[in-house]
Amino acid sequence: MTVRTRFAPSPTGYLHIGGVRTALFNWLFARQHGGQFILRIDDTDSERNIESALEPILDGLRWLGIDWDEGPDVGGPYAPYYQSQRSAGYAAAVEQLLASGHAYRDFARPDELDEERKAAQAAGKPFLYSRRFAAFDEATAQRFAAEGRAGVVRLKMPREGSLVLEDAVRGRVEFAWEREQDHVIQRADGSCLYHLANVVDDHDLAISHVIRAEEHLSNTPRQAFIALSLGYDLPAYAHLPLVAEPGSKTKLSKRKLAQYLKNQDFRRVMEHGQQIAARIGGGGEADTFNPVIVDFYREVGYLPWAIDNYLALLGWSYDDKTEFFSRGELIERFSLERINSAPASFDPKKLWAVQDHYMTALSVDEKFGLMLPYLVKAGLVADPPTAEQAEIVRRVIEASGDRLKVAGDILAYADFFLVDEPVMDPDAVAKRLATPTARQHLEAFAARLAAVEPFEPAALEEALKATAEAAGAKVGDLVHPIRVAVTGRSVGPGLYDCLAILGRDRVLSRMSAALGLCG
RNA sequence: GCCCCCAUCGUCUAGUGGCCCAGGACGUCGGGUUCUCAGUCCGAAAACCGGGGUUCGACUCCCCGUGGGGGUACCA
């Protein structure tokens with residue numbers, strides 16, 4: 001049997017981190033078995049502009065390297081891949097269900113149903129529709145219609161027995177039929193509802209494994225009923241644990257950003273991202289600039305594989321030690337059996353650590369390629385950069401080492417090399433320049449600098465140590481004010497690297513300018 | 001209310017009856033190194049939800065609680 005899995009997003013305009021995890025698992029499973037991964041758009045009764053709401057989702061998946069074999073943009077043998085274009089199949093399924101007696105026309109008004117529902121709840125009993133407005137024959141239907149009632153089609157669920165399913169993640173699960181509602185599958189206007197559409201499409205697209213979030217577990221019996229009634233074979237099911245909020249077990253939601261920001265780790269990730277976005281004129285889309293949404297990471301400069309790798313670990317593990325996987329390794333080692341069944345909370349700190357791991361492993365050239373666009377967008381280098389700018393950037397990347405965690409971090413480490421005058425951080429000035437000794441150290445070092453040859457880290461270090469020794473001061477007493485004088489701030493790459501990259505002229509002029517800020 | 005699912009350090013997890021007075025990772029804390037930051041090295045604290053069974057023996061199996069989550073729509 002060919003393995004065919006699918007990811008079926010609604011066109012909402014953004015790609016949710018939990019959705020990515022579901023897509024990733026489906027993709028991994030299909031790739032592992034040499035099968036197909038299909039993208040299907042669940043746009044049943046959607047009124048939005050599908051194209052613009054879909055593009056961010058496709059874009060996000062592409063960026064993450066999750067490629068699909070069939071889908072809305074690439075087509076495929078089972079096209080179309082939009083539910084809104086497959087309604088003929090749904091209508092036919094409804095007719096079949098009606099004909100076989102697995103569904104019926106119902107003319108109850110919503111308020112009448114509510115009444116029954118409330119009564120059942122008050123009695124502490126499960127709600128079971130009385131079917132008093134059900135029309136099992138044409139005459140009855142005509143009579144209700146004559147009363148001005150609108151008819152929908154409902155499933156005629158069994159009221160005894162149970163459904164037993166083997167879920168790849170949860171094992172055996174059982175549902176009593178009598179607890180299942182007579183769900184509506186078709187509205188009075190003829191449009192069909194999600195569960196019906198979903199089942200028909202999964203069958204028509206020959207989906208072999210339905211891998212989806214746990215929130216659908218409770219929906220499975222009604223879907224299985226539809227499938228069985230239509231004479232389909234059931235697909236294999238695997239219900240993934242939910243991706244939960246940081247430090248909680250509640251489903252992660254895009255709408256609760258304000259609440260998540262109370263979590264310190266989450267807030268730090270957000271603020272760090274905002275600082276980067278602000279400098280490249282991004283983050284304006286406040287609605288999608290949110291660590292729950294993939295766009296955020298892309299804009300800030302995370303590595304797509306770091307996100308995939310982190311997400312793979314959310315609910316799945318290979319063994320008790322391995323945490324980092326190449327794409328090939330993950331495809332080879334992934335398995336449904338090793339998916340955990342408990343919800344997993346999204347931990348921005350851990351994502352950060354995985355990102356750190358992969359970013360650190362990149363070469364200077366690779367980092368250069370990722371980071372250059374940020375400098376261009378921030379207006380710090382020309383597009384394309386001059387040879388001199390490119391050289392500076394490379395040296396900064398080299399000198400910055402592990403300090404660069406995401407591509408956007410280059411802005412904070414390279415900016416003072418690329419502008420005429422550094423922006424002076426007032427706190428750093430107050431602490432390191434406005435001191436009794438800063439002026440004398442700066443002057444002494446400047447005097448010595450004229451003769452340093454070559455103007456490279458080793459010679460500069462030697463000169464600084466000699467200056468310190470002559471003044472009877474510690475190295476740190478000179479390093480700090482000099483750093484602030486030439487970079488404007490108190491953190492950055494090693495000072496000798498900074499000096500060498502800036503070059504003699506700029507170092508001297510900045511130090512001289514800084515004299516005016518000394519105490 | 002009713003139905004379903006779940007339950008190991010703060011977090012992600014390993015553990016399928018003895019290898020576990022529970023292992024790894026992130027984070028946290030303490031210390032070393034360093035010009036700052038980042039890093040790195042060394043070290044530490046930190047968990048089997050509770051109660052009953054089953055068994056020679058339970059983190060592991062069963063039951064009951066408790067807690068958490070999901071579903072219960074003419075949403076997806």
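Throughout, protein chains are lettered first and strands after them, A, B, ... in sequence-line order, and every chain is numbered starting at 1. Note that the coordinates shown come from a computational prediction; the quantities given were computed from them, not determined experimentally.
Not a single donor-acceptor pair, N or O on each side, falls under 3.5 Å between the base of B:A73 and the side chain of A:His183. Under 3.5 Å, the side chain of A:Thr250 and the base of B:G69 form no donor-acceptor pair of N or O atoms. Judged by distance alone with a 3.5 Å cut-off, a donor-acceptor contact links the side chain of A:Lys350 to the base of B:A25.
Proximity note for A:Arg187 (side chain, C-beta onward) versus B:A38, B:C4, B:A76: the nearest is B:A76. Closest approach to the A:Glu214 side chain among B:G70, B:C35, B:C12 is made by B:G70 (side chain taken as heavy atoms from C-beta onward). Comparing B:A38, B:C35, B:G70 by their nearest atom to the side chain of A:Ser218 picks out B:G70. The listed nucleotides are B:C4, B:C12, B:C6; the one nearest the side chain of A:Leu217 is B:C4. Nearest nucleotide to the side chain of A:Pro126, out of B:C2, B:C12, B:C6: B:C2. Considering only side-chain atoms of A:Val491, the nucleotide from B:C37, B:G70, B:C12 that sits closest is B:C37. Residue A:Val479 has its side chain nearest to B:C35 when only B:C26, B:A7, B:C35 are considered. For A:Ala344, counting side-chain heavy atoms from C-beta on, the closest listed nucleotide (B:A25, B:C5, B:U13) is B:U13. Counting only heavy atoms from C-beta on, A:Ser341 has its side chain closest to B:C6 among B:C6, B:U11, B:C74. Which of B:C6, B:C74, B:U36 sits closest to the side chain of A:Arg403 comes down to B:U36.
When atom types are taken as modelled, the side chain of A:Glu215 and the backbone of A:Leu242 share no donor-acceptor pair closer than 3.5 angstrom. Between the side chain of A:Ser400 and the backbone N or O of A:Arg403 there is no donor-acceptor pair closer than 3.5 Å. Checked by atom type and distance alone, the side chain of A:Asp43 never pairs as donor or acceptor with a backbone atom of A:Tyr82 at under 3.5 Å. Remark: the backbone N or O of A:Ala176 is not paired with any side-chain donor or acceptor of A:Ser162 at under 3.5 angstrom.
Distances shown here put a side-chain N or O of A:Ser317 below 4.0 Å from the OP1 or OP2 atom of B:A14. In terms of phosphate contacts, A:Asn340 brings a side-chain nitrogen or oxygen within less than 4.0 Å of OP1 or OP2 of B:A14. A:Lys249 has a side-chain polar atom (N or O) that falls below the 4.0 Å cut-off from OP1 or OP2 of B:C12.
Here the P atom of nucleotide B:C3 and the CD atom of A:Glu178 are 10 Å apart, to the nearest Å. Rounded to an integer number of Å, the gap from CG of A:Asn198 to C1' of B:C75 is 13 Å. We find that NZ of A:Lys251 is positioned 13 Å from P of B:G69, with the value rounded to whole Å. Atoms CZ (A:Phe445) and C1' (B:C35) sit 12 Å apart, rounded to a whole Å. Rounded to a whole Å, the CG atom of A:Leu404 is 17 Å from the P atom of B:C37. One atom, CG of A:Asp106, and another, P of B:A73, lie 14 Å apart when rounded to the nearest Å. The separation between A:Asp425 atom CG and B:C37 atom P is 14 Å, rounded to whole Å. In this structure, the CH2 atom of A:Trp352 is 19 Å from the C1' atom of B:C12, given to the nearest Å.
A:Arg338 comes within 4.0 angstrom of the backbone, heavy atoms only, and of no base. A:Arg179 comes within 4.0 angstrom of the backbone, heavy atoms only, and of no base. Counting any heavy atom pair closer than 4.0 Å across all strands shown, A:Lys405 reaches sugar-phosphate atoms only and no base atom. Using a 4.0 Å heavy-atom distance criterion, A:Leu313 is classed as a sugar-phosphate-only contact. In this structure, A:Pro493 reaches the bases: a heavy-atom distance under 4.0 Å links it to at least one base atom across the strands shown. Residue contacts shown for A:Gly494 include a base, since a base heavy atom lies under 4.0 Å away. Among the heavy atoms of the strands lying under 4.0 Å from A:Arg117 are primed sugar atoms or P, OP1, OP2 only; no base atom is included. At a threshold of 4.0 angstrom between heavy atoms, the contacts of A:Asn219 include nucleobase atoms, whether or not backbone atoms are also involved. Using a 4.0 Å heavy-atom cutoff across all strands shown, A:Arg222 reaches sugar-phosphate atoms only and no base atom. Note on A:Tyr496: a base of the nucleic acid sits closer than 4.0 angstrom, heavy atoms only. At a threshold of 4.0 angstrom between heavy atoms, the contacts of A:His216 include nucleobase atoms, whether or not backbone atoms are also involved. Nucleic acid contact class of A:Ala108 (heavy atoms, under 4.0 Å, all strands): base.
Taking the six-membered ring for Trp and the full ring otherwise, the centers of A:Trp352 and A:His272 sit less than 6.0 Å from each other. Annotation: A:Phe25 is in aromatic contact with A:Phe334 [ring centroid separation under 6.0 Å].
Across all strands shown, nothing is found opposite B:C19 as a Watson-Crick or G-U wobble partner with both distances under 3.5 Å. Look at B:A7: its Watson-Crick or wobble partner, with both distances under 3.5 angstrom, is B:U66. When both pairing distances are held under 3.5 Å, B:C2 makes a Watson-Crick or G-U pair with B:G71. Across all strands shown, B:C61 pairs with B:G53; the Watson-Crick or G-U wobble distances both stay below 3.5 Å. In this structure, B:A44 forms a base pair with B:U28, meeting either the Watson-Crick or the G-U wobble geometry with both donor-acceptor distances under 3.5 Å.
Rounded to a whole angstrom, the distance from the P atom of B:C59 to that of B:A47 is 15 Å. Annotation: B:U34 and B:C12 have their P atoms spaced 38 Å apart (nearest Å). Atom P of B:G10 sits at a distance of 28 Å from the matching atom of B:G32, rounded to the whole Å. Atom name C1', nucleotides B:C4 and B:C9: the rounded distance is 29 Å, in whole Å. For the P atoms, the distance linking B:U11 with B:G27 amounts to 16 Å, nearest Å. Separating the C1' atom of B:U54 from that of B:A45 is a span of 36 Å, rounded to the nearest Å. A distance of about 15 Å separates the P atoms of B:A73 and B:C3, rounded to the whole Å. Atom C1' of B:U60 sits at a distance of 13 Å from the matching atom of B:U55, rounded to the whole Å.
Cation-pi check for A:Arg149 over A:Phe133 is met; the charged atom lies under 6.0 angstrom from the ring centroid and within 45 degrees of its normal.
Under the 3.5 Å distance criterion, with hydrogens and angles disregarded, a donor-acceptor pair is assigned to the side chains of A:Thr250 and A:Ser248.
For A:Lys465, the salt bridge (charged side-chain N to carboxylate O under 4.0 Å, His left out) partners at least two apart in sequence or on another chain are A:Glu461.
In this structure, the side chains of A:Tyr81 and A:Leu205 come closer than 4.5 Å at one or more pairs of heavy atoms. Within the 4.5 Å cutoff, side-chain heavy atoms of A:Glu245 are placed close to those of A:Lys256.
A heavy atom closer than 4.0 Å to some atom of RNA chain B occurs in A:Arg170, A:Val173, A:Glu174, these being the qualifying members of residues 160-174 of chain A.
Residue A:Arg489 forms a salt bridge (charged side-chain N to carboxylate O under 4.0 Å, His left out) with just one option from A:Asp425, A:Asp427, A:Asp415, and that option is A:Asp415.
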